[in-house]
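Working notes, structure below.
Throughout, a chain's letter reflects where its sequence line sits, starting with A, and its residues are numbered from 1.
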2 protein chains.
Amino acid sequence: MTQPPIRIVLADDERMVRTALRAILSAEPGLEVAGEATTGAEAVSVVRELRPDVVLMDVRMPEVDGIRATEQIVGSMAQPPRIVVVTTFENDAYVYDALRAGASGFLLKRSDADALVQAVRLVARTDTLLFPSALRSLAAQHARSAAPAAPWVSRLTGRERDVLRHMADGLTNAEIARRLDVGPATVKSHVAAVLAKTGARDRTQAVIAAYEAGFLSGR
Amino acid sequence: MTQPPIRIVLADDERMVRTALRAILSAEPGLEVAGEATTGAEAVSVVRELRPDVVLMDVRMPEVDGIRATEQIVGSMAQPPRIVVVTTFENDAYVYDALRAGASGFLLKRSDADALVQAVRLVARTDTLLFPSALRSLAAQHARSAAPAAPWVSRLTGRERDVLRHMADGLTNAEIARRLDVGPATVKSHVAAVLAKTGARDRTQAVIAAYEAGFLSGR
DNA sequence: ATCCGTCTCCGCCGCACGGGGGAGGGCTTC
DNA sequence: GAAGCCCTCCCCCGTGCGGCGGAGACGGAT
């Protein structure tokens with residue numbers, strides 16, 4: 001029943017945090033802290049060298065952040081370790097980005113010692129609580145529409161948004177005019193403004209921009 | 001340091017599975033199997049009555065399946081329990097549907113006792129390993145594009161797919177012709193075919209259809 | 001040997017679209 | 001009260017687009 005210990009690398013720029021994590025994890029039978037890193041870049045090289053089973057990765061780190069480091073590790077190793085991203089807030093953006101980058105799990109800094117240990121043990125096993133394969137594509141898909149939060153969207157006037165939404169429903173200018181109860185010429189003006197602001201050449205490109213920017217999020 | 005036990009409800013139509021789960025969980029200090037259910041409908045009423053902390057929910061169950069039961073529980077209770085969906089395969093569809101329904105985690109049936117216990121403990125804590133709030137919207141978003149798998153897509157010929165992809169990049173017929181190294185008239189023919197098969201009136205509607213059908217999944 | 005689907009291309013026609021430029025009324029801002 | 005922004009609407013013009021009908025060439029299926 002004796003198994004090889006779960007080897008862990010800690011990546012966090014604050015010494016206090018690393019010390020605390022190490023203290024908790026080292027006390028656990030079957031867990032072993034193999035190494036530490038204080039920057040994202042260092043994390044990548046340390047992980048590549050030590051080939052641990054699990055990496056506890058802070059999001060905020062100098063130079064290269066945790067997300068990017070995760071990306072590089074997952075992208076460059078044949079059998080990358082499970083990476084648990086440690087974060088302070090339940091910030092949505094972080095979650096999506098980290099999933100897309102290849103993280104296997106999340107841990108909030110306010111979690112207690114028990115949760116930490118359990119999370120590490122769990123994520124070290126291959127197929128327990130959810131994700132990698134399934135969520136990877138899901139996150140990738142979501143990233144496209146939620147990531148940039150396009151700049152031009154905020155520059156559209158209210159009417160222009162109305163018109164763009166109807167354009168994205170595949171309506172002609174005349175149809176939009178009827179829906180909005182205005183003249184066709186008015187719609188043309190709004191369409192022209194939308195094209196200018198989105199940088200689109202024609203209505204098709206404008207609709208594409210709307211989709212890519214997640215402009216249609218509210219249906 | 002003594003905390004109230006984590007109360008669990010098991011929902012699975014196979015007695016063997018329930019017995020096994022109960023044996024494992026009951027042996028653990030701090031865990032308590034509060035009740036069982038053998039159908040989705042029964043699961044809903046049992047959970048509503050017992051108000052457990054965690055529900056282990058099988059996907060395949062007579063009458064109402066686990067996904068639907070999860071939906072009903074999460075949708076009808078002010079403070080719904082954490083629901084862990086138990087599944088045999090890493091079937092993508094199940095994962096997405098379950099997330100959308102409000103499940104908090106996943107467990108494969110082949111998981112060992114240890115993983116089971118850890119998963120339950122973990123998911124019982126409020127904010128440890130990821131999800132609910134964050135993944136809910138993510139899953140909802142994904143559902144739209146992954147659900148139907150439009151019928152017309154399979155009817156497109158290879159060339160028509162090429163053309164549609166370029167249409168969805170916002171190119172004109174002339175530009176597509178250059179990219180594909182064919183005459184403009186040829187592209188027109190393909191575009192006409194695409195419009196007919198997608199039921200679109202113009203290229204804009206065709207592009208919309210492509211997006212809605214998740215036709216652009218591969219970039 | 002025949003048929004059918006696919007890919008390739010042709011002409012003609014009508015129209016919705018988009019570009020350019022302008023104009024008036026209503027609103028807030030300063 | 002002048003300046004700006006937004007919404008509304010007008011004309012003219014060129015053209016990309018889509019509908020219609022047709023055709024030749026290649027391949028696989030029967």
Item to check | Where protein sits on nucleotides 17-30 of chain C, one letter per nucleotide: B base, S sugar-phosphate only, - none, heavy atoms under 4.0 Å | outcome: SBB-----------

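Contact between B/T204 and A/M167 at its shortest, heavy atoms only, is CG2-O, 4.1 Å. The minimum heavy-atom distance linking B/A168 with A/I208 is given by the pair O-CD1, 3.1 Å. Among all heavy-atom pairs drawn from B/G199 and B/Q205, the shortest one is O-OE1, 4.4 Å. Shown here for B/G40 and B/A69, the closest heavy-atom pair between the two residues is O-CB, 3.7 Å.
In this structure, A/R179 places its CZ atom where only 12 or fewer heavy-atom neighbours from other residues, nucleotides or ligands lie under 6.0 Å away. The number of heavy atoms from other shown groups lying within 6.0 Å of CZ (A/R68) does not exceed 12.
A/I176 places its CD1 atom 14 Å from the P atom of C/dA16, with the value rounded to the nearest Å. Rounding to whole angstrom units, CD of residue A/E160 and C1' of D/dT8 are separated by 13 Å. Between A/Q205 atom CD and D/dC17 atom C1' there is a gap of 15 Å when expressed in whole angstrom units. Atom NZ of A/K197 and atom C1' of D/dC7 are 12 Å apart (whole Å). Counting to the nearest Å, the C1' atom of D/dC9 and the CZ atom of A/R159 are 13 Å from each other.
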Item to check | salt bridge (charged side-chain N to carboxylate O under 4.0 Å, His left out) evaluation trace for B/R201 with A/E175 | outcome: CA-CA 13 Å; B/R201 184 172 48 187; A/E175 288 169 338; 2.7 Å; yes

Next on the checklist: Determine whether A/D13 and A/R18 satisfy the following criterion, side-chain contact (heavy atoms from CB on, under 4.5 Å), listing intermediate values before the conclusion.
Outcome noted: CA-CA 8 Å; A/D13 59 330; A/R18 293 201 308 278; 5.6 Å; no

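Contact annotation: B/H190 does not reach the phosphate of C/dC9 (side-chain N/O to OP1 or OP2, under 4.0 Å). Put simply, B/T157 has a side-chain N or O that comes within less than 4.0 Å of OP1 or OP2 on C/dC7.
Closest to the side chain of B/A185, out of D/dC9, C/dC10, C/dC7, is C/dC10.
Residue-level contact check: A/T186 touches the bases, meaning some heavy atom is under 4.0 Å from a base atom.
Screening A/R178, A/H190, A/R203 for a side-chain hydrogen bond (donor to acceptor under 3.5 Å, both in side chains) with A/N173, the sole residue that qualifies is A/R203.
Rounded to 10 degrees, the angle separating the terminal helix axes of the helix from C/dA1-D/dT30 to C/dC30-D/dG1, each built from five base pairs, is 50°.
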